[in-house]
Structures are given as C-alpha cells and as structure tokens.
Amino acid sequence: MLTLASKLKRDDGLRGSRTSAPASDSTRRVSVRDRLLVKEVAELEANLPYEGYYQGGKFQFETEVPDAYNMVPPKVKCLTRIWHPNITETGDICLSLLREHSIDGTGWAPTRTLKDVVWGLNSLFTDLLNFDDPLNIEAAEHHLRDKEDFRNKVEDYIKRYAR
C-alpha cells in the first residue's frame with residue numbers, strides 16, 4: 001500500500017538523484033499540496049462526537065483533492081446511502097465551505113483545511129442539520145410533516161446502509 005508519506009519520501013529520493021532536471025511548476029505545486037495533506041491528515045481528530053438522528057451510523061465519504069488545493073476546495077461525496085435534508089441519496093452534499101464561492105461568505109478559502117471539511121461534515125449530523133434550506137427537499141418535508149416517522153426512516157437507513 002502506497003501512503004502519502006511514503007510517496008513523499010520516494011519523490012524526495014528521486015528528486016535528489018536528478019539534480020540536473022529542475023522540477024516543473026505542476027510538480028512543485030503537487031508536492032506542496034501533498035505536504036499540506038500529510039500535515040492535515042496527521043492533525044485530524046480520531047473521535048468525533050455522535051448525537052442526534054444519525055447517532056450510531058457509520059458514513060463513508062469520498063474526498064477528491066484537486067491539484068490546485070488549497071486554492072480550491074476538495075470535492076466530497078457521501079458514499080453511504082442516507083436520509084438527510086442536506087445530503088441526497090446519491091451522495092451530493094450541501095455544505096457552504098465546500099463551495100468555491102458562497103453567498104453567505106462561509107465558502108472555501110485558502111486558509112481552510114481538510115480538518116475544517118471533516119468538522120463541517122460532522123456538523124451536518126448535529127448542529128448544521130438544516131431543514132430550512134435543504135438539498136434533499138423530500139427529506140426536509142418529511143421531517144416537517146412527521147418528525148417521528150422521519151426519525152424511523154433515518155434509523156432504517158442506518159440499519160440498512162450505515163453499519
């Protein structure tokens with residue numbers, strides 16, 4: 001298994017043996033991105049709080065970090081099927097910090113990190129759960145109609161897809 005840290009060591013070794021050929025801008029940019037990612041992944045908290053409707057569920061997310069990171073946000077998709085007002089059943093996510101340009105001013109900025117993304121995703125399951133501006137309108141309307149039935153459907157999805 002090739003980890004980011006071992007890739008960086010290998011790349012440094014190759015770079016040292018090729019002193020005659022200067023690194024291109026894109027290689028240098030990827031290297032800076034990779035170094036940022038190694039630092040950020042090392043800082044991520046292992047235990048995130050669990051509470052609310054989605055307690056006990058294990059949700060997987062795919063994160064694509066573009067070459068232009070940290071000038072542009074990562075692309076994130078939920079791989080676990082979920083009944084949530086801000087995440088569609090196909091995995092699209094409504095979280096302002098994942099937007100390059102956000103009306104409310106809380107969008108992506110170069111000062112943001114993957115740790116911010118993880119905390120933002122975690123907040124979608126607790127305090128940022130937003131029924132007023134949903135991406136999954138059907139889930140939000142379900143909650144408004146019948147909170148108990150909404151909770152039951154969330155629990156059913158967790159049992160089926162998030163264990």
Side-chain angles (χ1 to χ4, degrees), residues 1-12 14-15 22-55 57-141 143-144 154 157-158 161-162:
M1 176 181 202
L2 178 67
T3 65
L4 196 53
S6 63
K7 178 186 179 304
L8 289 174
K9 285 180 188 174
R10 189 188 70 217
D11 289 353
D12 283 343
L14 291 174
R15 200 172 298 118
S24 70
D25 285 342
S26 65
T27 304
R28 207 171 302 120
R29 195 170 35 243
V30 170
S31 178
V32 169
R33 180 199 71 162
D34 288 353
R35 290 180 192 286
L36 282 171
L37 292 175
V38 167
K39 181 178 182 257
E40 290 175 24
V41 168
E43 292 173 353
L44 290 175
E45 300 292 334
N47 299 311
L48 298 174
Y50 291 109
E51 55 188 70
Y53 289 114
Y54 301 92
Q55 184 175 2
K58 294 180 182 177
F59 304 93
Q60 292 185 344
F61 294 86
E62 177 181 71
T63 304
E64 178 187 326
V65 181
D67 287 342
Y69 178 81
N70 62 342
M71 297 308 289
V72 298
K75 305 250 186 277
V76 182
K77 188 169 184 96
C78 184
L79 301 178
T80 307
R81 193 164 173 202
I82 186 171
W83 190 243
H84 193 289
N86 309 113
I87 303 173
T88 65
E89 288 187 82
T90 58
D92 296 325
I93 300 168
C94 180
L95 183 61
S96 61
L97 74 88
L98 294 175
R99 293 189 201 124
E100 201 164 345
H101 306 286
S102 179
I103 296 170
D104 62 4
T106 59
W108 187 259
T111 55
R112 296 208 183 262
T113 65
L114 289 177
K115 188 175 184 178
D116 296 321
V117 172
V118 170
W119 281 105
L121 292 170
N122 184 63
S123 293
L124 282 179
F125 294 96
T126 56
D127 56 326
L128 285 182
L129 186 62
N130 186 351
F131 295 99
D132 298 324
D133 185 22
L135 183 60
N136 182 345
I137 295 168
E138 189 179 350
E141 288 175 349
H143 181 266
L144 290 174
V154 167
Y157 269 54
I158 289 171
Y161 309 112

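Quick caveat: nothing in here was measured; it's all calculated off a predicted structure.
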J.: If you look at every heavy atom in Tyr53 and His143, which pair is closest and at what distance?
T.: OH-NE2, 2.9 Å
J.: Nearest 0.5 Å please: distance from the CG atom of Asn130 over to the CG atom of Asp127.
T.: 11.0 Å
J.: Give me the atom names and distance for the closest heavy-atom approach of Trp83 to Val154.
T.: O-CG2, 3.5 Å
J.: Kindly give the heavy-atom pair with the smallest separation between Pro66 and Pro73, and that separation in Å.
T.: CG-O, 3.6 Å
J.: Applying the side-chain contact (heavy atoms from CB on, under 4.5 Å) test to Val76, which of Leu114, Leu97, Ile93 qualifies?
T.: Ile93
J.: Can you list everything that forms a side chain to side chain contact (heavy atoms under 4.5 Å, CB included) with Tyr161? Sequence neighbours excluded, please.
T.: Thr80, Arg81, Tyr157
J.: Atom CD in Glu89, atom CD1 in Ile82: separation rounded to 0.5 Å?
T.: 10.0 Å
J.: Distance-only, no hydrogens or angles: does the Arg112 side chain make a donor-acceptor pair with backbone N or O of Leu98 under 3.5 Å?
T.: no
J.: For the atom pair CG (Leu95) and CG (Leu128), what is the distance rounded to the nearest 0.5 Å?
T.: 7.0 Å
J.: Give the ring-plane orientation class for Tyr54 versus Phe125, where under 30° counts as parallel, over 60° as perpendicular and anything between as tilted.
T.: perpendicular
J.: Please report the interatomic distance CG(Asn86) to CG(Leu124), rounded to the nearest 0.5 Å.
T.: 5.5 Å
J.: State, yes or no, whether a side-chain contact exists between His84 and Leu129 at a heavy-atom distance under 4.5 Å.
T.: yes
J.: Please list, chain by chain and in numerical order, all residues satisfying side chain to side chain contact (heavy atoms under 4.5 Å, CB included) with Thr90, sequence neighbours excluded.
T.: Thr88, Asp92
J.: Closer than 3.5 angstrom, by distance alone: can the side chain of Trp108 be matched with the main-chain N or O of Pro74 as a donor-acceptor pair?
T.: no
J.: Provide the closest heavy-atom pair for Ile87 versus Cys78 in the form atom of the first, atom of the second, distance.
T.: CG2-CB, 3.8 Å
J.: Could you pull out all residues at least two apart from Leu144 that satisfy side chain to side chain contact (heavy atoms under 4.5 Å, CB included)?
T.: none
J.: So do the side chains of Asp116 and Thr113 get within less than 4.5 Å of each other, counting heavy atoms only?
T.: yes
